[in-house]
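One structure below.
Keep in mind it's a predicted model, so treat the numbers as computed, not measured.
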Amino acid sequence: MVALSALWLPIFLAAVVVFIASSIIHMVLPYHRKNYRQLPDEDKLRAALRAANLTPGLYNFPFCTPKEMEHT
C-alpha cells in the first residue's frame with residue numbers, strides 16, 4: 001500500500017490538469033452561448049436604468065421576499 005503523503009504530487013498535478021482542461025472546454029465549446037441574448041430596445045432600457053440612478057450591486061427582477069416565495 002502506498003502512503004497518501006507519497007501521492008500528493010500526482011494528486012495535485014491531476015487536479016491542475018483537470019482544472020485547465022475543464023476551463024478550456026468550457027470556453028471553447030458552445031454549450032451556453034444561447035443563454036445570452038440581446039434585450040429588445042436595449043438602448044431604451046439602459047436609459048431607464050440610468051435615470052433610476054441605481055447604486056452598484058446585484059438586483060433581482062422581478063424582486064420578491066423569501067416570505068413571498070413560500071406562497072408560490
Side-chain angles (χ1 to χ4, degrees):
M1 182 184 242
V2 178
L4 185 60
S5 60
L7 296 174
W8 73 269
L9 184 60
I11 292 170
F12 178 74
L13 290 177
V16 169
V17 168
V18 167
F19 176 77
I20 292 171
S22 68
S23 297
I24 291 171
I25 289 170
H26 182 74
M27 288 185 278
V28 172
L29 296 178
Y31 287 125
H32 299 288
R33 293 220 175 113
K34 292 182 180 179
N35 293 350
Y36 299 99
R37 292 174 273 169
Q38 185 175 9
L39 291 168
D41 295 328
E42 186 174 334
D43 293 331
K44 291 179 184 177
L45 178 64
R46 277 197 257 182
L49 290 173
R50 279 191 201 105
N53 199 19
L54 299 172
T55 58
L58 297 174
Y59 295 91
N60 292 330
F61 180 79
F63 180 77
C64 63
T65 63
K67 186 176 181 179
E68 292 170 335
M69 290 176 17
E70 290 175 4
H71 297 292
T72 58

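- Taking the salt bridge (charged side-chain N to carboxylate O under 4.0 Å, His left out) definition, one finds that Asp43 meets it with Arg46, sequence neighbours left out.
- Side chains of Trp8 and Leu4 form no contact here, defined as non-hydrogen atoms less than 4.5 Å apart.
- The salt bridge (Lys or Arg N to Asp or Glu O under 4.0 Å) contacts involving residues 7-22 comprise nothing, where partners must be two or more places apart or lie in separate chains.
- Under a 4.5 Å side-chain heavy-atom cut-off, the cluster of Ile, Leu, Val, Met, Phe, Trp and Tyr residues that includes Ile25 is completed by Leu29, Tyr31.
- Nearest heavy-atom pair across Met27 and Arg33 is O-NH2, 3.7 Å.
- Leu45 belongs to a hydrophobic cluster whose remaining members, ordered by chain and number, are Leu39, Leu49, Leu54, Tyr59; membership requires side-chain heavy atoms of ILVMFWY residues under 4.5 Å apart, directly or through intermediates.
- Val18 belongs to no hydrophobic cluster with other residues, because no ILVMFWY side-chain heavy atom falls under 4.5 Å from its own, directly or through intermediates.
- Its side chain outside the 4.5 Å cluster rule for every partner, Leu58 clusters with none of the Ile, Leu, Val, Met, Phe, Trp and Tyr residues.
- The CZ atom of Phe19 sits 10.5 Å away from atom CD1 of Ile24, with the distance rounded to the nearest 0.5 Å.
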